[in-house]
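All remarks here apply to the structure that follows.
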Amino acid sequence: MDVSYILDDLNDAQRQAVTAESQRLLVLAGAGSGKTKVLVHRIAWMIKALNSSTHSVLAVTFTNKAANEMTSRIEQILSQPIPEIWCGTFHSISNRILRRHHVQADLEKDFSILDSDDQLRIIKRIVKRLEIDEDQWPADKVRWQINKWKDDGLRPNKIEDKGDFNIEILKKIYIDYENYMRSENLLDFAELILKSYELIRDNQDLRNLYHKKFKNILIDEFQDTNSIQFSWIKNFTGDGSNITAVGDDDQSIYGWRGAKIENINSFSKEKRTQIIRLEQNYRSTGNILNAANAVIGKNSNRLGKKLWTADSKGDPIHVFEAYSEQEEANFIVDTVVRATEDGDYYKDTAVLYRSNAQSRVIEEFLLRQNIPYIIYGGVRFYERLEIKNVISYLRLVINNNDNNALERAISVPTRGIGQKTLAELRRIADESGLSLFSAAKKVIEEKIFKGKGLNSLTSFINFIEDCSEKLYELPAHEFVEMIINQSGLIDHHMKEKGEKGKIRIENINELISAVKSFAIIHKNDDLSEFDSLIAAFLSSVSLDMGETQANKTDDAVQLMTLHSAKGLEFKTVLIVGMEESLFPHARSVESINELEEERRLCYVGITRARKKLFLTYTEYRRLYGRDSYNPPSRFITEIPDDHIEFIRPKQSFSSGYYGTVAKNKDKIQTLEYALGDNVVHSTFGEGVVLNIEGDGDSSRIQVSFHEVGTKWLVSAYANLKRI
DNA sequence: CCCGATACTTTTTTT
DNA sequence: AAGTATCGGG
């Protein structure tokens with residue numbers, strides 16, 4: 001069969017990467033150079049041209065989204081479904097292995113996975129129980145340390161306290177935490193990876209099995225791997241297997257959560273590692289790319305890569321200095337309006353910022369002009385309070401001994417079982433070595449409590465037991481519906497005032513449909529690793545927290561942080577708030593490593609743009625309830641002048657350390673208006689020119705609009721017509 | 001148990 | 001500024 005079609009449509013470097021026979025391959029893929037394409041085509045090539053079995057492939061990603069996209073693209077190329085391929089996140093593949101070999105891993109079959117919220121709650125309780133000073137060892141710090149240890153592959157017995165009192169305490173908590181997790185049959189995210197790593201490392205049979213199976217191992221976003229993930233990969237690599245790592249050291253922006261950029265370096269230095277660079281960019285114009293290259297060029301210790309494009313230079317990069325964040329937001333609105341007038345969709349434009357708090361003002365202005373927008377980030381579906389509540393009930397019904405679930409379920413909605421009753425129940429459970437559920441039954445049988453407490457407890461326990469009986473009788477979604485109605489959760493949210501309760505109930509109903517569609521999607525799958533469909537659903541929920549926002553509007557301006565923009569592209573990109581202290585963030589400027597990560601973040605932001613790039617900063621901004629005057633970001637000055645066009649140049653009155661960025665004054669285009677002119681704006685309507693600011697050639701113009709009041713506009717961008 | 005007052009924090013986020 | 005955590009009173 002002719003398989004050359006897989007190689008059509010690839011450039012030389014891409015083709016080399018797809019067909020490379022080396023056992024160790026590192027593909028350094030610059031932004032927009034076809035990274036996913038290479039990965040997907042390489043897998044297709046292995047299967048079609050080299051006759052590798054789909055079972056021999058292990059493809060690892062960081063997000064479910066990436067894994068799903070990869071699978072469906074491979075299926076598309078092969079024109080056949082490949083449900084048996086192991087393509088998933090580090091966590092989901094670890095989960096799969098641990099469920100499959102739970103006996104060897106010394107786990108119960110039905111272990112549950114905790115999210116970091118639950119993890120925190122547990123640590124809090126342990127710290128309290130050990131009577132450790134919570135002010136000196138706050139739970140979130142302890143959690144961070146425990147996760148760091150796990151990410152470094154360290155069990156408590158490998159931690160030396162060297163007489164350090166602080167570490168001694170932390171280690172004590174770590175040990176207690178591990179014991180608790182084991183007794184409760186719980187795994188946290190870090191544990192999934194560490195445990196599966198240890199399992200394969202220490203079990204000769206399994207190691208042989210997987211070495212034989214996984215002949216083709218591929219890792220996406222390799223620059224984001226942490227220590228344990230790197231070891232985890234190595235663990236699966238036998239003599240006959242080959243590894244393909246794809247990544248970009250210049251896009252490493254998750255160092256702060258443990259990603260080790262060094263992994264790329266050390267992999268590249270291993271003998272026999274072949275390195276292929278993908279340097280042709282298919283996304284951005286010449287100006288955008290050169291700007292990106294110039295900025296990232298200021299970093300040290302790069303593996304080195306120079307992106308180029310066959311595209312023309314395109315528009316210059318526009319830099320806009322606003323007086324305030326309001327004016328900045330106004331400029332964003334103007335830019336969006338102009339783009340749509342040129343025929344763009346709203347969704348072609350993205351606004352990127354360093355921190356979430358910056359979105360507020362922008363939202364306000366977009367809302368006021370009735371421009372649809374969508375914000376990425378924030379609370380995800382399965383993290384919502386009301387959803388977590390329902391999930392707790394499901395967990396408790398499936399596993400009565402899930403103390404964590406019981407603690408949450410028993411107190412929402414309130415049912416006359418308060419902290420005092422609960423504390424007493426915990427004490428009894430601790431004393432008798434029973435789970436909370438069993439302790440509650442004991443309390444009821446032996447009538448240890450009396451009056452209201454006993455009644456409430458009895459009806460709660462009865463309810464859970466009734467549900468357990470119906471677990472196998474009802475279709476999954478009806479079962480969930482029953483729990484929701486009979487638990488009192490709906491009534492509880494009905495009582496909430498305002499829109500809040502309504503939204504919560506809507507979300508809960510959405511959960512029912514999620515269960516329904518889960519049942520449909522997996523109706524042909526082998527779910528023998530689970531006792532019930534609900535159990536399978538819960539396991540998938542903890543590894544895929546769901547989209548941040550349902551697709552309310554299809555065509556909307558995209559608002560997100562620079563971090564969440566990684567991997568995406570837009571025709572027009574605005575990077576806003578480009579000021580020292582904001583971007584680079586004040587907390588990052590002290591250390592070179594952190595500053596360089598900020599710079600990579602800037603590189604990521606710039607390379608998101610296909611055609612147009614706008615950078616904006618303000619002279620004045622209210623930050624944390626305070627007035628702040630920060631100089632423009634150093635990253636702006638790192639872009640060569642001749643790629644930039646400054647809109648409304650103005651001597652910044654706080655232009656201190658980094659010099660003024662207002663250069664190229666002569667390039668500004670302005671339009672002539674006179675005070676009192678009647679003008680019309682495409683969205684604001686008709687108005688009168690009140691004020692013109694600027695020396696000679698005005699660059700800003702104040703207009704009193706009949707409909708929307710007085711506004712300052714940039715004349716070059718205001719798109720006003722005289723009437 | 002719910003409420004309001006008060007103190008405190010404030011970068012980025014996936015699993 | 002604004003959100004969250006904690007505590008004490010009703």
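Proteins get letters first, then strands, A, B, ... in listed order; numbering begins at 1 in each.
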Notebook entry, point to check: Are A:His522 and A:Phe530 near enough that their ring centres are under 6.0 Å apart?
Noted result: no
Notebook entry, point to check: Roughly, in whole Å, what's the span from CZ in A:Arg599 to C1' in B:dT12?
Noted result: 17 Å
Check: At under 4.0 Å between heavy atoms, what does A:Tyr624 touch on the DNA or RNA strands: base, sugar-phosphate, or nothing?
Finding: base
Notebook entry, point to check: Counting just side-chain N and O atoms, does A:Thr89 come under 4.0 Å of either OP1 or OP2 of B:dT14?
Noted result: no
Note to self: Any donor-acceptor pair under 3.5 Å linking the side-chain atoms of A:Glu598 with those of A:Ser588?
What the structure shows: yes
Next item on the list: Give a yes or no on whether the backbone of A:Arg99 and the side-chain of A:His102 come within a donor-acceptor separation of less than 3.5 Å.
Entry: yes
Check: A:Asn356 side chain N/O closer than 4.0 Å to the phosphate oxygens (OP1, OP2) of B:dT11?
Finding: no
Item checked: Nearest to side-chain heavy atoms of A:Arg622, which nucleotide of B:dC2, C:dA1, B:dT13 -> C:dA1
Just the table, please: protein N/O against nucleotides 3-10 of chain C N/O, every pair under 3.5 Å.
none

Notebook entry, point to check: Closest nucleotide of DNA chain B for A:Ser411 versus for A:His585: which of these residues is on the 5' side?
Noted result: A:Ser411
Notebook entry, point to check: Does A:Ser564 place a side-chain N or O at less than 4.0 Å from the phosphate oxygens OP1/OP2 of B:dT13?
Noted result: yes
Margin query: Just the rounded figure in Å: distance from C1' of C:dA2 to CZ of A:Arg626.
Written below: 14 Å
Next item on the list: Determine the minimum heavy-atom distance between A:Arg395 and A:Ala405, stating which atoms define it.
Entry: CB-CB, 3.7 Å
Margin query: Counting only side-chain nitrogens and oxygens, does A:Ser588 get under 4.0 Å of the OP1 or OP2 atom of B:dT12?
Written below: no
Check: Do A:Arg354 and B:dT12 share a donor-acceptor pair, side chain to base, under 3.5 Å?
Finding: yes
Note to self: I need the CG-P distance between A:Leu601 and B:dT12, as an integer number of Å.
What the structure shows: 11 Å
Checklist line | Short side-chain N/O contact from A:Arg257 to OP1 or OP2 of B:dT13, under 4.0 Å | finding: no
Check: Given atom CD of A:Glu383 and atom C1' of B:dT14, what is their separation to the nearest angstrom?
Finding: 9 Å
Item checked: From A:Phe214, A:Trp86, A:Phe230, A:Tyr197, residue fulfilling ring-ring contact (aromatic ring centres under 6.0 Å, His included) relative to A:Phe236 -> A:Phe214
Check: In whole angstroms, how far is the C1' atom of B:dT13 from the CZ atom of A:Arg143?
Finding: 12 Å
Item checked: Centroid distance under 5.5 Å and plane angle under 30°, A:Phe90 vs B:dT15 -> no
Check: So, for A:Pro632 and A:Glu580, which heavy atoms are closest and what is the spacing to 0.1 Å?
Finding: O-CG, 3.6 Å
Notebook entry, point to check: Does A:Arg626 count as lying over the ring of A:Tyr624, i.e. NZ or CZ under 6.0 Å from the six-ring centre, within 45 degrees of the axis?
Noted result: no
Next item on the list: Kindly confirm whether the side-chain ring of A:His563 is stacked on the base of B:dT12, judged by centres under 5.5 Å and planes under 30°.
Entry: no
Check: P atom, C:dT4 versus B:dT13: distance in rounded Å?
Finding: 16 Å
Notebook entry, point to check: Is the number of heavy atoms from other residues, nucleotides or ligands within 6.0 Å of NZ (A:Lys298) greater than 12?
Noted result: no
Notebook entry, point to check: Could you give the CG-to-P distance, from A:Asp140 to B:dC8, as a whole number of Å?
Noted result: 16 Å
Margin query: Whole angstroms only, please: what is the CD-C1' distance between A:Gln229 and B:dT13?
Written below: 13 Å
Next item on the list: With A:Arg368 as the cation and A:Phe365 as the aromatic partner, state whether NZ or CZ is under 6.0 Å from the six-membered ring centre and within 45° of the axis.
Entry: yes
Next item on the list: Ignoring the backbone of A:Met545, work out which of B:dT12, B:dT15, C:dA1 is nearest its side chain.
Entry: B:dT15
Note to self: Between C:dA5 and B:dT12, how many Å separate the two P atoms, rounded to a whole number?
What the structure shows: 16 Å
Margin query: With a cut-off of less than 4.0 Å, is there a side-chain N or O of A:Asn64 near OP1 or OP2 of B:dT15?
Written below: yes
Note to self: Could you tell me how far apart A:Asp220 (CG) and B:dT14 (C1') are, to the nearest whole angstrom?
What the structure shows: 14 Å
Next item on the list: Could you tell me whether A:Phe583 contacts a base, only the sugar-phosphate backbone, or nothing, with contacts defined as non-hydrogen atoms closer than 4.0 Å?
Entry: nothing
Check: Would you say B:dT13 has OP1 or OP2 under 4.0 Å from some side-chain N or O of A:Arg380?
Finding: no
